[in-house]
Protein chains: 2
Amino acid sequence: MARSWATLGVDLHLEPAGAGGLRRGLTDALRDAVRTGRLAPGTRLPSSRSLAADLGIARNTVAEAYADLVAEGWLTARQGSGTRVADRAAVVPAPNAATAPHHREPARPAYSLVPGSPDLAAFPRTEWLKAARRALTAAPHDSLGYGDPRGRAELRCALAGYLARARGVRADPDTVLITSGFAHALRILATVLAARGARTVAVESYGLDAHWRLLRRAGLVTRALPYDELGTDPSPLTTEGAVLLTPAHQFPLGTALHPDRRAAVVDWARRTGGLVLEDDYDGEFRYDRQPVGALQGLDPDRVVHLGTASKSLAPGLRLGWMVLPPALAQDALSAKGDMDTVGVLDQLTLAEFIASGAYDRHVRSSRLRYRRRRDALTEAVADRAPEVRVTGIAAGLHAVLRLPPGTEQSVVQAAAWQGLALHGLAFHRHPEAVAEAVDALVVGYATPPDSAWTGTLEALCRVLP
Amino acid sequence: MARSWATLGVDLHLEPAGAGGLRRGLTDALRDAVRTGRLAPGTRLPSSRSLAADLGIARNTVAEAYADLVAEGWLTARQGSGTRVADRAAVVPAPNAATAPHHREPARPAYSLVPGSPDLAAFPRTEWLKAARRALTAAPHDSLGYGDPRGRAELRCALAGYLARARGVRADPDTVLITSGFAHALRILATVLAARGARTVAVESYGLDAHWRLLRRAGLVTRALPYDELGTDPSPLTTEGAVLLTPAHQFPLGTALHPDRRAAVVDWARRTGGLVLEDDYDGEFRYDRQPVGALQGLDPDRVVHLGTASKSLAPGLRLGWMVLPPALAQDALSAKGDMDTVGVLDQLTLAEFIASGAYDRHVRSSRLRYRRRRDALTEAVADRAPEVRVTGIAAGLHAVLRLPPGTEQSVVQAAAWQGLALHGLAFHRHPEAVAEAVDALVVGYATPPDSAWTGTLEALCRVLP
């Protein structure tokens with residue numbers, strides 16, 4: 001009910017006494033009046049006695065509501081001058097995207113097939129909230145403190161079990177380190193490598209510029225290995241401190257590293273003391289047979305296995321992990337620092353999410369969703385653009401569309417004009433790549449929500465040659 | 001019910017069909033049997049037809065449960081060889097604290113008065129979960145993506161409003177940067193300062209060694225300013241790049257910086273172009289009068305205001321923030337990097353927690369709790385150890401107990417023997433402190449849960465001289 005109180009001089013929207021009781025209702029109504037400016041800064045409020053009489057409620061209820069609002073800073077109470085609306089209680093406007101000095105996102109295109117994101121509309125909100133409730137209810141009080149810099153034991157255990165059965169990783173919870181995502185993990189490893197005297201890290205001819213930049217920022221040179229139809233060729237490796245690979249599903253080209261080369265890269269690491277950094281960003285997503293097991297299983301003493309919830313759940317969680325060779329665990333922990341940790345509530349929730357089987361169920365339903373999209377993409381391209389070949393489609397959240405020579409740049413530009421965000425393969429090519437330069441698109445078919453998928457696919461087909 | 005199925009040969013604990021239905025119950029029971037080893041790796045499972053007949057349920061239900069468990073990796077299904085328990089489905093043991101190579105926490109003492117933590121048992125779990133549900137339900141899908149590297153707009157707005165009314169901070173949401181806590185913010189600022197050519201940062205004679213180390217790691221020298229009864233003396237400041245202060249409540253000594261010195265430090269910053277880093281770690285907690293407003297209000301162009309949810313809610317949230325001078329915002333964002341961000345779910349939850357008034361209510365009830373403890377501490381010490389003077393008690397979550405000269409170390413040791421963790425003041429003294437060396441204890445009276453408070457206070461009184 002909204003009524004005007006003589007003593008107060010303004011209308012208050014006071015809800016009938018509900019779960020929160022009369023005191024809560026009065027507090028909310030008064031706060032709202034201050035927040036919206038109906039009660040101006042400096043206004044003197046009626047005494048609790050007179051407002052209570054006016055409302056026909058107990059004086060204590062009014063006094064308590066006043067006290068709440070004084071505590072919150074909306075009102076001030078001074079001896080002799082009564083209760084007033086605080087001067088500071090100014091409304092702060094919402095940030096204005098148009099005038100924000102460093103707003104970094106460009107105007108959003110209508111459609112996006114930029115790779116690197118799952119369908120965010122499919123994030124399992126209800127299941128996640130259920131897991132959060134169970135996790136926080138069960139958590140011991142001291143889990144809310146600064147905690148173990150390696151990450152919560154619950155999550156390290158859950159991940160060790162999951163990675164063992166789903167990815168063939170040989171993981172001891174004691175050597176699992178929780179990070180705020182792949183980039184955080186790579187930053188820690190770059191620090192460790194630089195401290196060990198490494199100068200060069202071998203990378204793939206195609207990959208993510210953000211990762212190369214991150215390594216360079218730590219003072220490391222990135223050297224590109226050759227790429228051919230068997231995947232990345234490790235034979236030129238010599239004295240590099242480490243090699244960064246995507247063995248299960250090359251990003252972005254989509255091949256699985258050939259078994260001979262898997263063996264060769266581990267041999268190199270054993271021979272030279274180098275490290276293999278295995279970026280297993282979407283290892284769970286394989287469509288036509290069992291996922292390729294983790295390279296780490298071949299030699300847990302030489303391979304660091306890196307994973308993330310960014311593709312399987314959502315990047316916004318900022319949760320990643322690495323399984324470290326035991327000899328490296330202490331160095332990595334020191335490089336990370338005790339304070340550079342990840343929120344425990346999300347950690348506990350993910351642990352519960354995995355332990356309850358909800359993670360597997362979500363991965364399974366995502367796999368079905370993305371497989372259907374992949375099939376629709378393949379079919380539509382075969383139908384509408386027979387000169388374009390769809391490759392790298394056995395796994396993952398993206399495909400590579402091979403274009404007729406010399407057309408990549410014009411297709412990406414045409415797409416931009418149509419409001420479709422796309423990455424050409426050139427975007428992912430290392431400056432010193434040792435690989436045939438081909439014209440292609442990297443199509444992140446997981447990115448759109450279901451509701452936009454058909455329109456996005458149609459927009460893509462329109463710009464294909 | 002637990003029953004043995006002839007076809008399967010083991011007992012399964014199959015719950016009566018509940019909310020999850022028969023399929024879910026069967027899936028859970030089978031998973032449990034595999035997990036615990038009752039169904040050994042390699043075991044061939046009965047056909048879905050025969051297990052269904054045995055159970056008297058639909059064949060499809062069994063087939064679906066098998067499919068779930070194949071997807072989760074517990075079972076494998078191969079053409080011609082039927083469904084088997086996966087080889088990988090090994091149980092991973094929980095981490096063993098005793099043998100963990102780098103387990104960092106010492107054996108937990110029975111009682112702790114180590115400062116720096118609120119009462120974790122008082123974390124408002126129910127209210128937090130409610131806010132999380134509201135926040136995640138209302139969040140747009142794209143909030144779950146990589147997102148704005150400054151932090152979610154919802155939280156930056158909520159904080160700007162809260163800090164304005166509760167702390168007198170002049171905050172534009174566009175210059176608020178969300179971090180994973182104070183240390184993260186200080187690391188970012190240290191990088192900015194070093195890049196601007198700063199070599200020295202002035203600090204207080206008493207503070208946190210972790211902060212000094214963090215600055216040194218960025219290549220900065222820390223120089224201690226003198227401390228006396230008016231607080232830290234800024235008069236020796238010259239060409240330092242910045243000064244790190246706790247103006248509202250000196251950590252650990254508990255004084256509020258004298259108004260003349262507040263003005264002097266801002267004058268220095270204006271004159272030299274230096275920065276003031278205001279560590280407002282527990283500014284909300286003041287007991288006998290209104291909290292001292294933020295120094296930032298005096299000059300938002302020269303003062304960086306730093307805050308954290310670690311004292312007001314829990315360190316485990318890993319949420320902090322800084323309000324930056326506009327001219328510094330872009331540099332700080334670059335130093336932070338696009339990928340070094342904080343989980344969005346906690347950010348959205350805190351925004352909702354603040355906007356709904358739950359944050360203020362929690363701060364208010366915490367203030368009452370800690371004030372009662374402070375009073376009990378003061379009374380008990382006056383009663384039991386009249387030679388000890390309790391100081392720095394107008395605000396915050398800790399007090400300083402001044403001891404007779406020469407007794408600090410022996411009291412801390414006696415406490416350790418009694419199973420009471422305590423910090424002496426010497427623990428917080430800068431190696432080059434310019435301040436009278438006094439014997440004292442820094443007593444974090446917020447640290448114990450309510451249930452342990454009386455015992456902890458009793459343990460303290462026993463070791464006081």
Side-chain angles (χ1 to χ4, degrees), chain A residues 31 71-74 86 88-90 92 94-95 100-102 104 117 120-121 123 125 129 132-133 136 141-147 149 153 156-157 160-161 164-166 168 173-174 181 183-184 210 314-319 326 329-330 333 339-346 357 360 364 449, chain B residues 31 71-74 86 88-90 92 94-95 100-102 104 117 120-121 123 125 129 132-133 136 141-147 149 153 156-157 160-161 164-166 168 173-174 181 183-184 210 314-319 329-330 333 339-346 357 360-361 364 449:
Chain A
R31 188 193 299 109
E72 295 179 14
W74 298 105
R88 280 181 196 158
V92 174
H102 39 254
R104 297 169 67 89
S117 176
L120 300 173
F123 181 78
R125 296 184 186 216
L129 282 167
R133 175 171 301 276
L136 186 52
H141 292 314
D142 65 2
S143 69
L144 299 168
Y146 283 97
R156 290 184 285 110
C157 284
R165 66 181 164 76
D174 283 332
H184 186 202
L317 290 178
R318 306 313 306 131
L319 279 172
Q330 188 56 54
L333 193 59
M339 305 295 283
D340 192 8
T341 52
V342 180
V344 292
L345 301 188
D346 284 339
D360 293 282
R364 182 171 178 231
Chain B
R31 190 195 297 109
E72 294 179 14
W74 298 105
R88 280 180 197 158
V92 174
H102 40 254
R104 297 167 68 89
S117 176
L120 301 174
F123 181 78
R125 296 184 185 215
L129 282 168
R133 175 171 300 276
L136 186 52
H141 291 315
D142 64 2
S143 69
L144 299 167
Y146 284 97
R156 289 184 286 113
C157 283
R165 68 181 162 76
D174 282 331
H184 185 201
L317 290 179
R318 306 312 306 129
L319 279 171
Q330 188 56 54
L333 193 59
M339 306 295 285
D340 193 7
T341 53
V342 179
V344 293
L345 301 188
D346 284 339
D360 293 284
R361 285 193 296 278
R364 181 170 180 233

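So you know, we letter chains A, B, ... as the sequences are listed, proteins then strands, and number each from 1.
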Enquirer: Taking the side chain as everything from C-beta on, heavy atoms only, tell me whether Leu129(B) gets closer than 4.5 Å to Leu136(A).
Expert: yes

Enquirer: With rounding to the nearest 0.5 angstrom, report the CG to CG distance, Leu345(B) to Asp346(A).
Expert: 5.0 Å

Enquirer: Looking only at heavy atoms and a cut-off of under 4.5 Å, which of Arg318(A), Arg133(A), His184(A) has the most pairs with chain B?
Expert: Arg318(A)

Enquirer: With heavy-atom distances below 4.5 Å as the criterion, would you say the side chains of His141(A) and Arg125(B) are in contact?
Expert: yes

Enquirer: For Leu144(B) and Ala314(A), which heavy atoms make the closest approach, and how far apart are they?
Expert: O-CB, 3.5 Å

Enquirer: Against chain B, label Thr341(A) side chain, backbone, both or neither, depending on which of its atoms sit under 4.5 Å from a heavy atom there.
Expert: both

Enquirer: How close do Pro315(A) and Gly145(B) get, heavy atom to heavy atom, and via which atoms?
Expert: CB-C, 4.0 Å

Enquirer: Against chain A, work out which of Leu317(B), Val344(B), Leu120(B) has the most heavy-atom pairs shorter than 4.5 Å and name it.
Expert: Leu120(B)

